[in-house]
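Excluded from the calculations below are hydrogen atoms, water molecules and symmetry mates; all remaining heavy atoms, backbone and side chain alike, are included.
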Amino acid sequence: MSSKAIRIHAYGGPEVMQWEDVPTPEPGPGEALVHQGAVGLNYIDVYFRTGLYKSAAMPVTLGMEGAGTVKAVGPDVSDLKVGDRVAYAGAIGAYATERVIAADKLVKLPDGIDFKTAAAMMLQGMTAQYLLRRTYRVKSGDTILVHAAAGGVGLILCQWAKHLGATVIGVVSTEQKAELARAHGAAHTIIGHANLPAEVKRITGGGMVPVVYDSVGRDTFMPSLDSLAPLGTMVSYGNASGPVPPVDISILAAKGSLFLTRPSLATYTAKRADLEATANDLFDVVRNGAVKIQVNQTFPLKDAGAAHTALESRKTTGSTVLLP
Ligand code: NDP
C-alpha cells in the first residue's frame, strides 16, 4: 500500500518540496494511522523547509498539523478506535494523504467542526490560547499589541483578545490587511513598524502596552520593546522576518524592568492534560462563535510549494489549508 506525501531531501526554497509516493506506514505501539481530510499550513513549515529549524533526518515529510479519520491503531492504543474523527498540531509529517502519529498527540474532534476548519485552527488557535491565557494572562481592560494581526495566528488573537475584553492594536503591512484585522476585533491598526512606539504612545495616551505579541522577529524586536509599559512582557514567538539577533539583557532594565519570553506551543502542550485543556478552550470559543476561523486560502496538497510562496511573500491572510 502506498500513499502520497510532500517531502524534502535538502533544505531550500519551495522548489525542494517533492510530491512523492511513499509506503503507507503501519502504526506501532502507542501510534495511530490517520487518513487525512485536511492539512494546515503554518509558518513553522517554512522554517523546517529552509533549515532555520532542523529536522532529525532526511528526507522528511513537512507539516505539523492535520485532521482526519483514524484508520488503524497500534496494539496498545485503547482510547482511540478506527473511524474516530481526530486533529493534531505539532507533529512533523503532516503533508501526506495518510500518516502515523503518536496517539497521545491526537484529540477527538467535536461534532460541528469539520476537517478543514480543524486543520486551519489547531496549531494557530492553540498558540493563541496559550499566548493569551498563560504566557501573559490578558485581562479585561488591557490594551495589547499584536503583530501580523491579519495572519493566521493574528486574526485568532484579535478575536479572542477582544472576547476577553481587551483593546487590540494590530500591526499589519497594508490597508487591506488593516481592514481585515479591524473586522476581526482589532480596535486600532498601525501600518508598518517605522514609527511603532510613537503610534502606540498616541493610541494609548502615553500609557504604552503591558504585552506585545511579536511573531515577526528580527525587524520588530526593538520597536516592540519600546512599545511596552514599565514591567511589560515581550512575547517573541516567531521569526517571519528572520531570527532575533542575540540581545544584551541589560536593555530590559534600561527600558523599564521588562519581561522577555520566547515561548513555543510544544512546551505548553507537552503534558497530555495541557494539550486537552488548550484544545478544549479553543473548541469552546470556536463553537460559541467568539472566534471564527478564517480559511482564506486553500491549495491542493500537491501544490504545497505554491502555498509556501504565497505565505512567505505575505500574500495570505488568515489561515491556509492544504487538501490531500
Ligand atoms: P502568518 O499568517 O502570520 O504569516 C506571516 C505574516 O508575518 C505575514 O503575513 C506578514 O504579515 C508578517 N511578516 C512580517 N514581516 C515578514 C517578512 N519579512 N516575511 C514574511 N512575513 C512577514 O503566519 P502564521 O499565522 O502561520 O504564523 C505567525 C507567526 O507565529 C510565525 O512567525 C510563526 O512562526 C509564529 N508561530 C509561533 C508559534 C509558537 O508557539 N512560538 C506557534 C505558531 C506560530 P504583514 O504583511 O501584515 O506584515
Side-chain angles (χ1 to χ4, degrees), residues 1-11 16-42 44-45 47-49 53-110 113-124 126 264-267 269-276 278-279 299-304 307-308 321-324:
M1 285 274 282
S2 79
S3 40
K4 286 275 193 180
I6 291 274
R7 301 201 301 178
I8 62 166
H9 295 253
Y11 299 120
V16 299
M17 298 160 71
Q18 314 267 340
W19 181 235
E20 296 179 337
D21 288 313
V22 291
T24 301
E26 292 270 323
E31 293 181 335
L33 174 66
V34 178
H35 177 80
Q36 303 216 105
V39 172
L41 177 76
N42 291 284
I44 193 170
D45 306 344
Y47 308 145
F48 273 105
R49 193 205 70 223
Y53 295 176
K54 302 282 185 248
S55 48
M58 286 282 179
V60 64
T61 300
L62 293 178
M64 304 297 275
E65 175 180 42
T69 312
V70 173
K71 210 172 160 189
V73 292
D76 58 348
V77 174
S78 55
D79 43 5
L80 282 175
K81 60 180 186 322
V82 172
D84 279 347
R85 299 171 70 251
V86 291
Y88 63 89
I92 198 157
Y95 287 7
T97 52
E98 311 213 304
R99 73 162 299 175
V100 155
I101 183 168
D104 65 4
K105 289 269 182 198
L106 295 172
V107 292
K108 286 189 192 160
L109 208 48
I113 299 182
D114 60 28
F115 291 149
K116 197 168 120 184
T117 307
M121 75 183 208
M122 292 304 293
L123 200 150
Q124 295 168 350
M126 290 203 294
S264 93
L265 177 64
T267 317
T269 54
K271 293 185 188 137
R272 179 71 198 176
D274 286 333
L275 172 62
E276 285 179 6
T278 309
F299 291 82
L301 177 57
K302 68 177 174 48
D303 296 337
H308 276 220
V321 168
L322 307 173
L323 296 172

Atom CD1 in Ile44, atom CG in Leu123: separation rounded to 0.5 Å?
-> 7.0 Å
Would you please test Phe115 and Val321 for side-chain contact (heavy atoms from CB on, under 4.5 Å) and show each step?
-> CA-CA 10 Å; Phe115 291 149; Val321 168; over 6 Å; no
Among all residues two or more places apart in sequence or in another chain, which pass the ring pair (Phe, Tyr, Trp, His ring centres under 6.0 Å) test with Phe299?
-> none
Tell me, with the steps shown, if Lys105 and Thr269 meet side-chain contact (heavy atoms from CB on, under 4.5 Å).
-> CA-CA 9 Å; Lys105 289 269 182 198; Thr269 54; 6.0 Å; no
Can you see which heavy atom on Ala32 is nearest to which on Leu80, and at what distance?
-> CB-CD1, 4.3 Å
Output all residues satisfying salt bridge (charged side-chain N to carboxylate O under 4.0 Å, His left out) with Asp274, sequence neighbours left out; order by chain, then residue number.
-> Arg134
Derivation of the side-chain contact (heavy atoms from CB on, under 4.5 Å) call for Asp104 and Leu275 | CA-CA 9 Å; Asp104 65 4; Leu275 172 62; over 6 Å; no
Minimal heavy-atom distance between Ala307 and Leu322, with the atoms involved, is CB-CD2, 3.7 Å
Kindly write out the residues that satisfy side chain to side chain donor-acceptor pair (under 3.5 Å) with Lys271, not counting sequence neighbours, or none if the list is empty.
-> none
Looking at residues at least two apart in the chain, or sitting in another chain, which of them share a salt bridge (charged side-chain N to carboxylate O under 4.0 Å, His left out) with Arg85?
-> none
Across all chains, not counting sequence neighbours, the ring pair (Phe, Tyr, Trp, His ring centres under 6.0 Å) partners of Tyr11 are none
Please list, chain by chain and in numerical order, all residues satisfying side chain to side chain donor-acceptor pair (under 3.5 Å) with Asp114, sequence neighbours excluded.
-> Thr117
Check side chain to side chain donor-acceptor pair (under 3.5 Å) between Glu276 and all other residues, then give those that pass, not counting sequence neighbours.
-> Arg272
Measure the NZ-CG distance between Lys108 and Asp84 for me, rounded to the nearest 0.5 Å.
-> 4.5 Å
Can you see which heavy atom on Ala118 is nearest to which on Ala87, and at what distance?
-> CB-CB, 4.2 Å
Heavy-atom closest pair, residues Leu323 and Ala38 = CD2-CB, 4.1 Å
Taking side chain to side chain donor-acceptor pair (under 3.5 Å) as the test, write out the residues that go with Thr61, two or more places apart.
-> none
Residue pairs passing the side-chain hydrogen bond (donor to acceptor under 3.5 Å, both in side chains) test where at least one lies in residues 68-79, sequence neighbours excluded = Lys71-Glu98
With rounding to the nearest 0.5 Å, note down the distance linking CD1 in Ile8 to CG in Leu62.
-> 4.5 Å
Test applied, side-chain contact (heavy atoms from CB on, under 4.5 Å); reference residue, Met122; option that passes from Thr278, Ile113, Asn42, Val107 = Val107
In chain order, what residues pass the side chain to side chain contact (heavy atoms under 4.5 Å, CB included) check against Asp21, with sequence neighbours excluded?
-> Ser2, Lys4
Kindly indicate, with the supporting measurements, whether the criterion side-chain contact (heavy atoms from CB on, under 4.5 Å) is fulfilled by His9 and Val16.
-> CA-CA 7 Å; His9 295 253; Val16 299; over 6 Å; no
Interatomic spacing from OG1 in Thr97 to NZ in Lys302 - rounded to 0.5 Å | 13.5 Å
Please set out all donor-acceptor pairs under 3.5 angstrom arising from side-chain atoms of residues 88-96, sequence neighbours excluded.
unit_1	atom_1	unit_2	atom_2	d
Tyr88	OH	Gln36	OE1	2.5
Tyr88	OH	Arg99	NH1	3.4
Tyr95	OH	Asp45	OD2	2.6
Tyr95	OH	His308	NE2	2.9

Hits for salt bridge (charged side-chain N to carboxylate O under 4.0 Å, His left out) against Glu26, two or more places apart or cross-chain, chain-then-number order -> none
